[in-house]
Asker: 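My structure is below; once you've seen it, I'll send some questions.
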Protein chains: 2
Amino acid sequence: MESQVEQHELTHPDADTVELTAVLAALAEPVRLKIVRTVAERAGDDGIRCLDVWQQGGFTASKSTMSHHYKVLREAGVVVMWWVGAKKNVRLRRELLDVRWPGLLDAVLAD
Amino acid sequence: MESQVEQHELTHPDADTVELTAVLAALAEPVRLKIVRTVAERAGDDGIRCLDVWQQGGFTASKSTMSHHYKVLREAGVVVMWWVGAKKNVRLRRELLDVRWPGLLDAVLAD
DNA sequence: CGAACTGTACGACGGTTATCGAACTCTAAG
DNA sequence: CTTAGAGTTCGATAACCGTCGTACAGTTCG
């Protein structure tokens, strides 16, 4: 059987309302930058599980800290997140970032 | 007569030691981002006077606040500053930024 | 010299942020 | 139903940051 229950419905900013300073601030934090790089490296077309990011990325931050950073990245417009059962998936919003600020994400990831 | 006195000798980080997170944090602040854009627009090859940035850029922040932001930009590696008499000049470190993170500065300035 | 101008250093303040543990919700599995 | 797993929220704490006014230092000009 399929569960149609959308348990919380994540909110994401529209492409128009995403602010450059918010994106830069989101990327300026070492843990968040590492999250973004791990997602960029390991995520497929349908994203990657947040848990896998944590496990494979070698993060030392606590669960609540990671949750906080994901929220910052999502509200800044850097990532999209959605539920898959009890787990969460995440992917970069390249289609947004590459249009609004071409070259920005690539420059940050190439380091 | 020429005054050989170098009144303080500004310190700038080497290209090797400049950190991406510091650059992003420096650019993530609205006033600093506006400073960078004003310098990028109006500075010639030998930079622009900080005073001109303040006057022509329409900044409302106080002197001490502006001085603080210039210091952050300089220590992050985003700008170079040097004395010309009693006034200070500033220019972007494009030769550094464009090599270390190609496309980053252009992306930020194109907005 | 003395006054005006340009910029820095310091201390204070208020607001923001990164971090954690504990309690909680929701889902999946037995 | 019960247990385990994944993730959020809340409260607390400590550190950081942007802002300003004041005091100060170096330069230029009369």
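It should be emphasised that the depicted structure is a prediction, and the values quoted were computed from it without experimental measurement. Every chain is numbered from 1, with letters handed out A, B, ... down the list of sequences.
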Asker: Are B:Trp83 and B:Asn89 packed together at the side-chain level, in the sense that at least one heavy-atom pair is separated by less than 4.5 angstrom?
Answerer: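 Not in contact.
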Asker: Other hydrophobic cluster members with B:Val84, side-chain heavy atoms of Ile/Leu/Val/Met/Phe/Trp/Tyr under 4.5 Å, chained?
Answerer: B:Val80, B:Trp82
Asker: Check for me whether B:Lys34 meets the cation-pi criterion with B:Phe59, that is, NZ or CZ under 6.0 Å from the six-membered ring centre and within 45 degrees of the ring axis.
Answerer: yes
Asker: To the nearest angstrom, how far is A:Trp54 atom CH2 from D:dT8 atom P?
Answerer: 14 Å
Asker: Would you tabulate the side-chain donor-acceptor contacts of residues 17-32 of chain A under 3.5 Å, counting partners in other chains and residues two or more places apart, or write 'none'?
Answerer:
residue: A:Thr17; atom: OG1; partner: A:Asp14; partner atom: N; Å: 3.4
residue: A:Thr17; atom: OG1; partner: A:Asp14; partner atom: O; Å: 3.1
residue: A:Glu29; atom: OE1; partner: A:Val31; partner atom: N; Å: 2.8
residue: A:Glu29; atom: OE1; partner: A:Arg32; partner atom: N; Å: 3.2
residue: A:Arg32; atom: NE; partner: A:Ala26; partner atom: O; Å: 2.8
residue: A:Arg32; atom: NH1; partner: A:His69; partner atom: ND1; Å: 3.1
residue: A:Arg32; atom: NH2; partner: A:Ala25; partner atom: O; Å: 3.3

Asker: With axes from five pairs an end, tell me the bend angle of the helix from C:dC1-D:dG30 to C:dG30-D:dC1, nearest 10°.
Answerer: 20°
Asker: Would you mind reading off the distance between B:Arg49 atom CZ and C:dC5 atom P, rounded to a whole angstrom?
Answerer: 16 Å
Asker: Decide yes or no for A:Thr11 and A:Arg74: does some side-chain heavy atom of the first lie under 4.5 Å from some side-chain heavy atom of the second?
Answerer: yes
Asker: Are there any protein N/O atoms within less than 3.5 Å of an N/O atom in nucleotides 1-6 of chain D, and if so, which ones and at what distance?
Answerer:
none

Asker: Tell me: CH2 of B:Trp82 to C1' of C:dG7, nearest whole Å?
Answerer: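 Rounding to the nearest Å, CH2 of B:Trp82 and C1' of C:dG7 are 16 Å apart.
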Asker: Quick check: does any side chain N or O of B:His68 sit under 3.5 Å from a backbone N or O of B:Lys63, one acting as donor and the other as acceptor?
Answerer: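 A pair under 3.5 Å: no.
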Asker: Rounded to the nearest angstrom, tell me the gap between atom CE in B:Met66 and atom P in D:dG21.
Answerer: 15 Å
Asker: With a 4.5 Å limit on heavy-atom distance, are the side chains of B:Lys87 and B:Cys50 in contact?
Answerer: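 The answer is no; the side chains never approach within 4.5 Å.
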Asker: Any side-chain donor paired with an acceptor under 3.5 Å for B:Ser67 and B:Ser64?
Answerer: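 The criterion, which ignores hydrogens and geometry beyond distance, is not satisfied for B:Ser64 and B:Ser67.
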Asker: Dump the pairs, protein N or O against N or O of nucleotides 17-20 of chain C, anything under 3.5 Å, distances to one decimal.
Answerer:
residue: C:dA18; atom: OP1; partner: A:Arg32; partner atom: NH2; Å: 2.9
residue: C:dA18; atom: OP2; partner: A:Arg32; partner atom: NH1; Å: 3.4
residue: C:dA18; atom: OP2; partner: A:His68; partner atom: NE2; Å: 3.1
residue: C:dT19; atom: OP2; partner: A:His69; partner atom: NE2; Å: 2.4
residue: C:dC20; atom: OP2; partner: A:Ser62; partner atom: N; Å: 3.1
residue: C:dC20; atom: OP2; partner: A:Ser62; partner atom: OG; Å: 3.4
residue: C:dC20; atom: OP2; partner: A:Thr65; partner atom: OG1; Å: 2.9

Asker: How close or far is atom P of C:dA9 from atom OH of B:Tyr70, stated in whole angstroms?
Answerer: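 So the OH-P distance, B:Tyr70 to C:dA9, works out to 15 Å.
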Asker: Can you list the residues that meet the salt bridge (Lys or Arg N to Asp or Glu O under 4.0 Å) rule with A:Arg42, with sequence neighbours excluded?
Answerer: none
Asker: Starting from C1' on C:dG7, measure out to CG on B:Asn89 and report it in whole angstrom.
Answerer: 13 Å
Asker: Rounded to the Å, how far apart are B:Met81 CE and C:dT6 C1'?
Answerer: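 Roughly 11 Å, once rounded to whole Å.
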Asker: Quick one: closest heavy-atom pair of B:Pro13 and B:Ala76, and the distance?
Answerer: CG-C, 4.3 Å
Asker: Where the side chain of B:Arg91 meets the backbone of B:Asp45, is there a donor-acceptor pair that is under 3.5 Å apart?
Answerer: no
